[in-house]
Each structure stands twice: as C-alpha cells, then as structure tokens.
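For clarity, every value in this text was computed on a predicted model and none was experimentally measured. Chain naming here is simple, since letters A, B, ... match the order of the sequence lines and numbering starts at 1 in each.
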2 protein chains.
Amino acid sequence: METKAATSIFESLSSSWRLEAFRLLVKQGPEGMVAGDIASALDIAPSSLSFHLKALTHAGMVTVEQEGRFQRYRANIPLMLDLIAYLTEECCSGNPGKCVDLRAASSCADALLPPISPK
Amino acid sequence: METKAATSIFESLSSSWRLEAFRLLVKQGPEGMVAGDIASALDIAPSSLSFHLKALTHAGMVTVEQEGRFQRYRANIPLMLDLIAYLTEECCSGNPGKCVDLRAASSCADALLPPISPK
DNA sequence: GCATCGTTTCTATAATTGTTGAATAGTTGT
DNA sequence: ACAACTATTCAACAATTATAGAAACGATGC
C-alpha cells in the first residue's frame, strides 16, 4: 500500500460520521446496508451521509452496489486488513525482542500482530 | 476506545507528513527519534514538523520525552494495537462463517483478526 | 552571562472540509 | 406518462487545518 492510499483511508475514518458508518458496515458484514438505513441508524441528514459515504467510497473502504432504487453499501474488509498490515509492518525493524513488551501492554495483545520472527 | 479518541487518531494519521513520521517511529521502536532527525529524514521544515508531531502527540500516537536539548519521540505501539482492535471488533457481528472469505482476500490474511469464535 | 543549538509558538495567509436545504437524477408502480 | 420514493449533487456559507518565517524558549558549553 502506498502512503497516499493510506492517508486517504485514514482521512476517510477521521470523522465521527464516517467512522460510525464504517463500523456499522463492518458489523453488518457481507450483507451490508442501504443508504437510508444507515442514515436512520446514525440519525444524519441524507445529503450529509451521502457526502461522507462518497469519501469512504473514494478511499475504497466501502463499496456500493445499486439494488433497485436503493444503494447498498458494504465495508471493504480486505482493505481494512491491508491497512492494518501497512501500519504494523516493519514494527521495530523486525527485531523480535524489542516488540514483546509493547505488545503485552495492549489490551488486544498478540493476536493482532504477525507472529514474531526475524526479518 | 471511544469514537472520539479513534477519530482523533485517524485524523492524526491522515496527513502524509504525520503518517510518514509515525511509521518511521514504529520502525524505530523503543529507541525512538529526536525531532531534528525526524525532520532530516522527512525533509520537512522544523516548525511544520513540530505542528504535526503535536497533533500526533495530542492524539496519543506518539510520546515525547526531553533529553538534554533534544526532544525524543516514540510511537505508542499499544495504542496502535488498541486502535486495530477497535476497528475490527464486532466484525460481521461475531458470526464465524461470514468473515472467512473476506479474511482470505487480504494480503495479510488471518494473522490480523482475533480467532474466529461465536459471540 | 552570553552565544549557540534544538525545538516550539506565534502570526498571517492559503487551502481544505463540513453543513444545510433545494434542485436533480434514476427507479418503481400505476 | 405520471407520481412517489431513494439517493446524490449543487451552491453558499461557516469552520477547520496547513504552511512558512519570525520570534521566543529552554538547555548547553565557553
């Protein structure tokens, strides 16, 4: 992943509306949600939601598919995982020992970083 | 993690300067880097870097410690991992089957999400 | 104490982002 | 073709964010 793509994604998650919408879609899984239902769930003006969904779509974090007169949105989980990989890659320059203490301090601990191994 | 804290973090990673600085610090590990070295590495004006490091510090993604006349910055790895946990929690409402295909599509695959288990 | 070094803060300006309501466009059912 | 429904686009305005250079601040060494 390039820096530009990553900043675009982070920017897309940097507003409350957009983060809440994305998390809602992550929770919803492959089923996704149509725009109107998202607007209802978040209690946001349709035009405002459209603005934010467009930002998420442009960043690639959500996909949209027409479904009759509805627009169905879905979270792009693979991209989310790629972003996580981008953020954590080269952690401590791949030096095993340096990371362990830092990992232990997280509430989610080891599950979220690739297994410790020499570079 | 609350939404507000998460958006603050995403916002702090949404500029190229800040993302590059943070990744540099992640790579550097516990050793961290002093402000001047970061500025040199990124080729950015000191006052501009200070502005961006302040944003990262305010979001909690980096810590700063005085070291003689230098300021040493370090990435907050545990918070990074907490952020990842926040982003991935409740994925597909904890419904095992729905996630597998999505996970497989990522270049980093299964390592990055908590093990699949019923809610 | 004074000059120097590393860094931050201040000031002004430029650029970007978010909000709202009205208008527009596409889809469906009659 | 028409009216109803879903959603996006547009336009104007308000608010926020980024930049660069100058000034200020704290720490160090002579």
Side-chain angles (χ1 to χ4, degrees), chain A residues 3-25 28 31-76, chain B residues 3-25 28 31-76:
Chain A
T3 301
K4 202 174 143 193
T7 54
S8 171
I9 293 173
F10 285 125
E11 207 281 322
S12 79
L13 297 174
S14 70
S15 109
S16 296
W17 292 129
R18 293 196 292 266
L19 181 55
E20 288 302 309
F22 179 71
R23 274 164 55 84
L24 194 56
L25 291 174
Q28 210 65 15
E31 189 185 335
M33 273 180 97
V34 299
D37 289 347
I38 301 173
S40 302
L42 301 182
D43 193 27
I44 181 180
S47 76
S48 201
L49 176 65
S50 193
F51 170 82
H52 291 299
L53 286 177
K54 189 180 178 182
L56 283 165
T57 305
H58 186 258
M61 284 304 266
V62 308
T63 60
V64 57
E65 185 188 11
Q66 184 142 7
E67 197 176 293
R69 63 177 76 169
F70 302 90
Q71 298 285 116
R72 181 166 298 270
Y73 286 89
R74 292 184 179 87
N76 185 349
Chain B
T3 302
K4 201 175 143 193
T7 54
S8 170
I9 293 173
F10 286 126
E11 207 281 322
S12 80
L13 298 174
S14 71
S15 108
S16 295
W17 292 128
R18 293 197 291 266
L19 181 55
E20 287 303 309
F22 179 72
R23 274 164 54 82
L24 195 56
L25 291 174
Q28 210 65 16
E31 189 186 335
M33 274 180 98
V34 298
D37 289 346
I38 301 173
S40 302
L42 301 182
D43 193 28
I44 182 180
S47 77
S48 202
L49 176 65
S50 191
F51 170 82
H52 291 300
L53 286 176
K54 189 179 178 183
L56 283 164
T57 305
H58 187 257
M61 284 303 267
V62 308
T63 60
V64 59
E65 184 188 10
Q66 184 142 8
E67 198 176 291
R69 62 177 76 170
F70 302 89
Q71 298 287 114
R72 181 166 297 271
Y73 286 88
R74 292 183 180 85
N76 186 347

Residues forming a side-chain hydrogen bond (donor to acceptor under 3.5 Å, both in side chains) with [X], sequence neighbours excluded:
{"X": "B/R72", "value": "B/E67"}
{"X": "A/Q66", "value": "none"}
{"X": "B/E31", "value": "none"}

Using a 3.5 Å cut-off and no angle test, enumerate the donor-acceptor pairs between side-chain atoms of residues 35-60 of chain A and protein atoms at least two apart in sequence or in another chain.
{"from": "A/S40", "atom 1": "OG", "to": "A/G36", "atom 2": "O", "distance (Å)": "3.0"}
{"from": "A/H52", "atom 1": "ND1", "to": "A/R18", "atom 2": "NH1", "distance (Å)": "3.1"}
{"from": "A/T57", "atom 1": "OG1", "to": "A/L53", "atom 2": "O", "distance (Å)": "2.6"}

Next on the checklist: Tell me which residues in residues 51-62 of chain A lie within less than 4.0 Å of DNA chain D, going by non-hydrogen atoms.
Outcome noted: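 Per residue number, the list reads A/K54.
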
Enumerate all atom pairs, one protein N or O and one N or O from nucleotides 28-30 of chain C, separated by less than 3.5 Å.
{"from": "C/dT28", "atom 1": "O4'", "to": "A/R69", "atom 2": "NH2", "distance (Å)": "2.9"}

Checklist entry - Counting only non-hydrogen atoms, which of residues 34-47 of chain B are less than 4.0 Å from DNA chain C? => result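 Per residue number, the list reads B/V34, B/A35, B/G36, B/P46, B/S47.
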
Item to check | Residues from residues 6-21 of chain B lying under 4.0 Å of DNA chain C - heavy atoms | outcome: none

Checklist entry - First and last nucleotide of DNA chain D touching chain B, 5' to 3', heavy-atom cut-off 4.0 Å? => result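 Result: D/dA18 to D/dT28.
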
Checklist entry - Heavy atoms under 4.0 Å, any strand shown: does A/S50 hit a base, just sugar-phosphate, or nothing? => result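 Result for A/S50 = base.
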
Checklist entry - Quick one: is C/dG6 close enough that its OP1 or OP2 comes under 4.0 Å of any side-chain N or O from B/Y73? => result no

Checklist entry - Looking only at heavy atoms, which two atoms of B/N76 and B/F22 are closest? And how far apart? => result N-CE1, 4.4 Å

Checklist entry - Listed by chain and number, what are the side chain to side chain contact (heavy atoms under 4.5 Å, CB included) partners of A/T3, not counting sequence neighbours? => result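 With sequence neighbours excluded, A/T3 shows a side chain to side chain contact (heavy atoms under 4.5 Å, CB included) to A/T7, A/Y86, B/S16, B/L19, B/E20, given in chain and number order.
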
Next on the checklist: Expressed as a whole number of angstroms, how long is the span from A/F70:CZ to C/dT27:P?
Outcome noted: 13 Å

